[in-house]
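Side chains are part of it too, since the values below use all heavy atoms of this structure and drop only hydrogens, waters and symmetry mates. Owing to the predicted nature of the structure, the values given are computational and were not obtained by experimental measurement. By convention in this document, chain letters (A, B, ...) are assigned in the order of the sequence lines, proteins followed by strands, and residues within each chain are numbered from 1.
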Protein chains: 4
Amino acid sequence: MSRPRSDQRRTGILDAATRVIASRGLGAAATAAIAKEAGVSNGSLFLYFESKSTLLNELYVQLKAEVGDAAMADMPDQGSTRDLVRHMWKRWLRWATSNPEKRRTLAQLEVTDEISLESHELVRDGQRLMSELIERSRAGGPMKDEPVSFVLLVVGAIADTTMDVMIRDPDGADARSDAAFEAMWRVLAG
Amino acid sequence: MSRPRSDQRRTGILDAATRVIASRGLGAAATAAIAKEAGVSNGSLFLYFESKSTLLNELYVQLKAEVGDAAMADMPDQGSTRDLVRHMWKRWLRWATSNPEKRRTLAQLEVTDEISLESHELVRDGQRLMSELIERSRAGGPMKDEPVSFVLLVVGAIADTTMDVMIRDPDGADARSDAAFEAMWRVLAG
Amino acid sequence: MSRPRSDQRRTGILDAATRVIASRGLGAAATAAIAKEAGVSNGSLFLYFESKSTLLNELYVQLKAEVGDAAMADMPDQGSTRDLVRHMWKRWLRWATSNPEKRRTLAQLEVTDEISLESHELVRDGQRLMSELIERSRAGGPMKDEPVSFVLLVVGAIADTTMDVMIRDPDGADARSDAAFEAMWRVLAG
Amino acid sequence: MSRPRSDQRRTGILDAATRVIASRGLGAAATAAIAKEAGVSNGSLFLYFESKSTLLNELYVQLKAEVGDAAMADMPDQGSTRDLVRHMWKRWLRWATSNPEKRRTLAQLEVTDEISLESHELVRDGQRLMSELIERSRAGGPMKDEPVSFVLLVVGAIADTTMDVMIRDPDGADARSDAAFEAMWRVLAG
DNA sequence: TATGAATGAGGTTTCATTCAT
DNA sequence: AATGAATGAAACCTCATTCAT
């Protein structure tokens with residue numbers, strides 16, 4: 001019938017947005033700049049995304065899902081809880097250091113009020129696997145009586161901080177990662 | 001030209017900016033809105049601050065200093081390191097829960113690329129006292145060989161997360177604060 | 001290239017345009033909206049009409065012809081001039097009240113500068129029958145020495161106003177119609 | 001204190017809008033075009049008018065008031081009703097022929113759905129004087145039992161049509177005006 | 001010094017029209 | 001012939017900053 005709407009193009013726009021936000025900041029991420037970076041006309045962007053706001057929200061949800069998937073990928077089906085958490089930790093940080101732009105972009109989106117409550121909920125739903133692992137790990141730790149959501153936020157904050165530092169100074173990345181894991185593990189398991 | 005004298009006005013503008021950013025978000029913080037909130041004319045704002053960017057940078061540095069001062073105020077000159085850190089922790093979180101708008105604003109400014117490298121350095125300098133306390137505390141912990149700056153960032157991230165959750169749900173504030181302190185202390189002192 | 005054949009589609013698009021303009025106003029009548037309302041693809045519209053302007057012009061001419069035809073239909077071949085004019089008047093207004101959307105759309109098109117001089121001339125040509133009737137009627141009236149085109153415009157203006165009021169308040173329609181006919185007749189025949 | 005907001009500028013913008021709409025049509029009356037025509041910056045327009053819509057509404061109300069004022073100006077305090085109506089008619093048409101652009105613009109604004117109900121009501125209120133004169137005149141005529149608002153609309157329609165024809169062909173203006181007055185008078189007084 | 005009017009670049013979004021399928 | 005994705009030129013409006021008063 002006609003040229004089919006292309007998933008590649010959609011993805012291309014999201015990728016372009018990631019790059020623009022990472023390099024120039026959210027404040028300078030004009031739709032025109034994103035479209036240009038994606039090699040797409042100004043109007044096409046609005047064919048694939050209803051508004052700039054939906055674009056940002058979808059990008060946020062997708063990136064969050066990507067981190068979550070990366071962290072839980074290839075999870076062994078046996079081993080001590082500590083080993084499982086360590087696996088998660090490694091994958092998590094590896095994703096960040098391999099995708100510094102996505103990490104930077106995510107950090108910016110995390111605080112905007114452009115991101116709707118609904119998107120935040122979608123993200124929470126997608127983190128069920130991580131939540132469950134955290135839940136199991138904290139049994140004997142200092143946060144055993146706190147809401148899981150809070151524990152997850154704290155662990156996430158430590159991870160994010162570690163990522164940022166690792167990205168900024170790749171030489172010390174391994175040392176940072178290991179030390180932070182030990183620290184984080186104590187937060188959970190005491 | 002020369003610095004205008006009314007410090008009251010300067011402060012008024014900074015306070016207004018805090019309120020506007022906290023309530024409406026950084027994206028909607030037009031200079032006109034800030035001026036209006038401050039009860040000052042549009043143009044006056046630029047007599048006190050060279051540009052919007054300067055204003056935001058000064059606000060950031062000032063708020064960061066305020067948190068630091070609050071955290072280290074009334075520090076007893078003796079007591080175990082743990083007690084000192086506990087003191088810091090309590091003051092720190094109390095400041096945040098007493099100043100939710102400032103906390104919210106700070107969270108927004110933290111990620112903008114509007115904040116210059118210089119401002120970030122200024123902030124680091126102002127945190128010397130905290131740094132030293134952290135330095136002393138971590139001696140036997142899992143992060144004993146990491147750069148202090150990194151440790152400080154991790155501790156700060158835990159604190160910020162705790163603050164945000166406490167502000168969002170004041171009922172559980174005390175439980176959150178205590179549990180997070182124990183967790184944080186393990187990060188430091190193992 | 002050559003005229004596409006499906007007259008049904010052509011008509012469907014014109015009808016859709018009528019509906020869209022009547023309900024949403026000429027300013028909101030995007031070609032995409034018209035195509036959608038017609039159940040036809042975006043691009044097809046331009047197979048049937050060279051441009052939006054052509055579409056509007058054709059719609060205008062067609063609607064005007066329709067009113068004219070309706071007004072002169074079933075005209076008896078004898079009777080006093082007054083009876084003939086009365087017949088015309090009745091049919092004219094009946095068409096309008098039976099086709100409020102077409103009437104509304106026509107009112108909008110009447111003033112746009114989108115309508116070309118040529119279209120206006122086409123319309124005038126199509127109103128020859130009405131013109132002749134008016135011509136005969138005004139013999140003894142106050143406008144007996146004016147250009148027929150002017151008289152026709154005046155009569156049309158009275159009719160349009162009456163229609164609009166009738167459509168807006170159907171209860172008083174008959175009273176309006178009768179009174180306005182008497183008034184109009186005096187304009188013609190004094 | 002500062003440069004005062006200038007009524008001249010406000011008026012200048014309204015005048016510019018009138019000119020642009022009259023010459024290029026409402027569809028081509030971009031705010032940028034209006035601003036340029038007014039010799040004012042793009043942004044200034046929005047300092048004087050909240051939105052394009054308010055600008056158009058104010059223009060409409062103002063022009064309508066102007067016509068009404070013009071029509072009722074210098075009304076003698078005695079004389080037959082017919083003389084008074086004739087006075088109104090003359091002034092009314094004179095205004096239109098002296099202000100062809102305003103007349104054209106008004107014709108365009110009259111049908112837009114950009115004009116709010118409130119504006120239409122404002123206009124109606126401003127036409128009380130005319131209404132009263134019409135009311136008195138129609139006592140023995142064919143429309144004596146119709147709503148005044150309807151009669152006013154009909155008279156207005158005749159006037160508008162006459163104006164348009166007069167403007168288009170100034171040579172026959174006087175003949176048109178006189179004939180149309182006689183016709184209109186019969187509508188009222190039979 | 002203080003005011004707020006003035007500026008114009010830039011932002012998001014719409015839409016008539018073209019073109020690949 | 002038919003589709004609907006693609007285009008890019010506007011359109012309206014905001015806002016940091018300057019400038020007349």
Non-neighbouring partners of C:T11 that pass side-chain hydrogen bond (donor to acceptor under 3.5 Å, both in side chains), sequence neighbours left out: none
For B:D125, enumerate each residue passing the salt bridge (Lys or Arg N to Asp or Glu O under 4.0 Å) test, keeping only those at least two apart in sequence or located in another chain. B:R128
Using OP1 and OP2 only, check whether a side-chain N or O of D:Y48 sits under 4.0 Å from E:dA5. no
Is the shortest heavy-atom distance from the side chain of A:I34 to the side chain of A:L55 under 4.5 Å? yes
Check the distance between F:dT17's P and B:I34's CD1 and give it to me in whole angstrom. 11 Å
Tell me: CG of A:L56 to P of E:dG11, nearest whole Å? 14 Å
Can you sort out the partners of B:E101 under salt bridge (Lys or Arg N to Asp or Glu O under 4.0 Å), two or more places apart, ordered by chain and number? none
Less than 4.0 angstrom between a side-chain N/O of B:T31 and OP1 or OP2 of F:dC15, yes or no? no
Which atom pairs, one a donor and one an acceptor, fall under 3.5 Å between side chains of residues 41-50 of chain A and the rest of the protein, sequence neighbours left out?
residue : atom : partner : partner atom : Å
A:S41   : OG   : A:G43   : N            : 3.4
A:S41   : OG   : A:S44   : N            : 3.2
A:Y48   : OH   : A:S6    : N            : 3.1

DNA chain F: B:S51 or D:A30, which has the more 5' nearest nucleotide? D:A30
Using atom types as modelled, flag every donor-acceptor pair under 3.5 Å from a side chain in residues 107-115 of chain B to any protein atom, sequence neighbours excluded.
residue : atom : partner : partner atom : Å
B:E110  : OE2  : B:Y60   : OH           : 2.8
B:E110  : OE2  : B:K64   : NZ           : 3.4
B:T112  : OG1  : B:Q108  : O            : 3.2
B:D113  : OD2  : A:G25   : N            : 3.4
B:E114  : OE2  : B:S53   : OG           : 3.4

Rounded distance in Å - CZ (D:R5) to P (E:dA6): 8 Å
Find the distance between OG1 (B:T18) and CD (B:E66) and round it off to the nearest 0.5 Å. 8.5 Å
If I take atom CZ from residue D:R10 and atom CD from residue D:E58, how far apart are they, to the nearest 0.5 angstrom? 4.5 Å
side-chain hydrogen bond (donor to acceptor under 3.5 Å, both in side chains) filter on C:R19, not counting sequence neighbours, yields C:E37
Atom pair distance, as rounded to whole Å: CG in A:L45 and P in E:dT13: 9 Å
Residues which pass side-chain hydrogen bond (donor to acceptor under 3.5 Å, both in side chains) with B:D164, listed by chain and number, not counting sequence neighbours: B:R103
In whole angstroms, how far is the P atom of F:dT14 from the CZ atom of D:F46? 7 Å
Distance check needed: F:dC15 P versus B:L26 CG, whole Å only. 13 Å
Please test A:L59 against A:L106 for side-chain contact (heavy atoms from CB on, under 4.5 Å), starting from the C-alpha separation and ending with a verdict. CA-CA 9 Å; A:L59 181 56; A:L106 212 34; over 6 Å; no
Residue-level proximity of residues 6-25 of chain D to DNA chain E when a heavy atom falls under 4.0 Å: D:R9
Under the 3.5 Å Watson-Crick or G-U criterion, the dot-bracket string of DNA chain F, with | for inter-strand pairs: .||||||||||||||||||||
Drop me the distance from D:R124's CZ to D:H120's NE2, to the nearest 0.5 angstrom. 8.5 Å
Which of these nucleotides, E:dT13, F:dT17, F:dT3, is closest to any side-chain atom of C:L47? F:dT3
The criterion is side-chain contact (heavy atoms from CB on, under 4.5 Å); which residues satisfy it with A:K52, sequence neighbours excluded? A:T31, A:L56
Could you check how far CD of A:E114 sits from C1' of E:dT12, rounded to whole Å? 11 Å
Quick one: closest heavy-atom pair of D:V20 and D:A28, and the distance? CG1-O, 4.4 Å
Any residue in residues 35-42 of chain C with a heavy atom nearer than 4.0 angstrom to DNA chain F? Just list them by number, or reply none. C:S41, C:N42
Show each protein N/O and nucleotides 19-21 of chain F N/O combination with a separation under 3.5 Å, one pair to a line.
residue : atom : partner : partner atom : Å
F:dA20  : O4'  : D:R3    : NH2          : 2.9
F:dT21  : O2   : D:M1    : O            : 2.3

Atom CZ of D:F49 to atom P of F:dC12: distance rounded to whole Å? 15 Å
With DNA chain F as reference, determine whether B:A29 or D:A32 sits nearer its 5' end, using the nearest nucleotide of each. D:A32
